[in-house]
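Written below as structure tokens is the structure these notes are about.
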Amino acid sequence: MIKEKKIKPSKELPLGFVDRQEKELLIRDFIISKIKEVMIKYGFQYLETPSFEYSDSIGKFLPDKERPDQGVFSFKDENKWLSLRYDLTAPLARYVAKNYLEIPKPFKRYQLGTVWRNEKPGPGRFREFLQFDADYVGTKNLQADAELCVMISEILEKCGLSQSDYVIKISSRKITESLFKKINLEDDNQKLTILRALDKIDRLGWVAVKQLLGEGRKDKSGDFTKGAKLSSDSIEILEKELKKKTPSSEDLNEILKIFKNYNFQNFEFDPSIVRGLEYYTGVIFEVNLKFDVKNIKGQSIQFGSIGGGGRYDNLVKNFGDYDAPATGISIGLDRLVYALIQKKEFKIKKSKPIVICVFNKESMKEYISLQKILRDASISTEIYPGENKLKKQMEYANKIKSPAVILYGDDEIKSGKPTLRDLTTGKEKSIEIKELVNEIKKII
RNA sequence: GCAGCAGUAGCUCAGUUGGUUAGAGCACUAGUUUGUGGAACUAGGGGUCGGUGGUUCGAAUCCACCCUGCUGUACCA
């Protein structure tokens, strides 16, 4: 410990930002490897775009265009506003608009990247997180939308989830639009309020949602949320229509047929899902986990979906002359990892290094030659990084969960037979150098 | 943003109606063993008791404001 008490820099992290440790990262890497495997099979191209974009290229859909810092992290560079991307879809639209003439049509791309949101963090929700996106740009064919659902389902199962662990909910923006017509609703703000209310059926139930559609609702903490102020007649019509369990729009009927062709069944029609409010134009889907997720304190929490997507036919058009209908899906990888860690035990092989103990510096040449033999055999190995006494070295090996240490002191060097100590059993063996690799492979 | 609850050592927490120098367990460091880890024993380091201001002879304890965290809610392109 440092004793001086000067002005110390803070060890705390900014709100919503976290250090991620090896255990989590290895599981994340595992998931990424599964994703890549599946993406290649489905014929998607890999793309990377920068973390920053000009605010107006990704800010077309900001609620408040005058303030680019609303929800995003931005700064002014020279005279232009830059923002950290808040998703991978807006940059894709920008990329397609920029490279329209060169790229294949339709354009299928997948992307893994960090995104940043200036919002309140929650359990498993941060202000910086890794997202995975797959999109089809330049086709109206609903086969694309269907295939995204099938594909995401394959990824989840490759990650170890079974059909009962998750469900893909589907709906269409067209259904809500027709509902608004039915109750003669024109006001866009009111429409938004209704969509937001409907989005909460899962979480709050119909009783609360009806309050939100009407005058408003007071929640557990005593906070009051203003409602959409619909008449009770209109609310009743909405409820009746939304409780129908069969889709009433053409696009959904079409997609159901395609699912049949794929023999895909793990979906559920749910007209209450909403997703991005102004962004989507047609089919929308949401990936929901069905198992219980807990926070650090072991309390069950409201986890919500780990991702979703849908059809956004107008996004590319906003950039200029090209009109490219598109559909895509995104998954929050950190959230998926957070949930997955609780669901199942991951046995991810990560070989910890064999530690070669240091007796004296003069023998370093011998230690290094042993180390080279092991490393050449692809065995993770290190010479103890320091000059402590043996006890410390053993404690270190134990702490990093090393499977074994090699003792190669003067006696061993003289006889040419290092001692191998298995740290799980505590047993020691004197071994010929040429047998060392084989013996170690038995242990690890 | 709004609301409820919380903040004492690296972690988990105790701290009586306000009363000397603020405690425990785990972790850490050193030793018992200068060539042997996971156990035990001994010793040790580490806290402006979230911050600031106030009440008081005296505050971790009471009051005000602020900060941070958790949970709910709102927003979430």
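Chain identifiers are assigned alphabetically (A, B, ...) following the order of the sequence lines, protein sequences preceding nucleic acid strands; residue numbering begins at 1 within each chain. The model shown is predicted, which means the values in this text are computed figures rather than measured ones.
Other residues, nucleotides and ligands contribute at most 12 non-hydrogen atoms within 6.0 Å of the NZ atom of A:Lys226.
Phosphate proximity of B:C75 to A:Arg117: absent, as no side-chain N or O sits under 4.0 Å from OP1 or OP2. For A:Lys200 and B:A74, the shortest distance from a side-chain N or O to OP1 or OP2 is below 4.0 Å. Between B:A74 and A:Arg196, no contact under 4.0 Å exists linking OP1 or OP2 to a side-chain N or O. Within the structure, a side-chain polar atom (N or O) of A:Lys392 is placed less than 4.0 Å from OP1 or OP2 of B:A30.
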Distance-only criterion, 3.5 Å: show the donor-acceptor pairs between side-chain atoms of residues 432-444 of chain A and protein atoms not counting sequence neighbours.
residue: A:Glu439; atom: OE1; partner: A:Lys429; partner atom: NZ; Å: 3.1
residue: A:Glu439; atom: OE2; partner: A:Lys442; partner atom: NZ; Å: 3.1

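Checked against B:A74, B:G37, B:A77, the side chain of A:Leu423 finds its nearest nucleotide in B:G37. Side-chain proximity of A:Leu204 to the nucleotides B:A77, B:G37, B:U73 is greatest for B:U73.
Among residues two or more places apart in sequence or in another chain, the salt bridge (charged side-chain N to carboxylate O under 4.0 Å, His left out) test is passed with A:Glu128 by none. Partners of A:Phe44 under the ring pair (Phe, Tyr, Trp, His ring centres under 6.0 Å) rule, at least two apart in sequence or in another chain, are A:Tyr136. In terms of the salt bridge (charged side-chain N to carboxylate O under 4.0 Å, His left out) criterion, residue partners of A:Asp270 (sequence neighbours excluded) are, by chain and number, A:Lys169.
You won't find any donor-acceptor pair under 3.5 Å spanning the side chain of A:Gln393 and the base of B:U36, going by distance alone.
Near RNA chain B, meaning a heavy atom under 4.0 Å from it, residues 400-408 of chain A has A:Leu407 in order of number.
Pairs engaging residues 402-425 of chain A under the salt bridge (Lys or Arg N to Asp or Glu O under 4.0 Å) rule: A:Arg421-A:Glu428 [sequence neighbours left out]. Counting only residues at least two apart or in different chains, ring-ring contact (aromatic ring centres under 6.0 Å, His included) contacts with residues 380-404 of chain A comprise A:Tyr384-A:Tyr396. The salt bridge (Lys or Arg N to Asp or Glu O under 4.0 Å) pairs that include a residue from residues 307-318 of chain A are A:Asp145-A:Arg311, A:Arg311-A:Asp313, where partners are two or more places apart or lie in different chains.
Taken together, the paired segments of RNA chain B that extend over three or more consecutive Watson-Crick or G-U pairs, each closer than 3.5 Å at both contacts, are B:1-7 with B:67-73, B:10-13 with B:23-26, B:28-32 with B:40-44, B:50-54 with B:62-66.
A:Lys389 comes within 4.0 angstrom of the backbone, heavy atoms only, and of no base.
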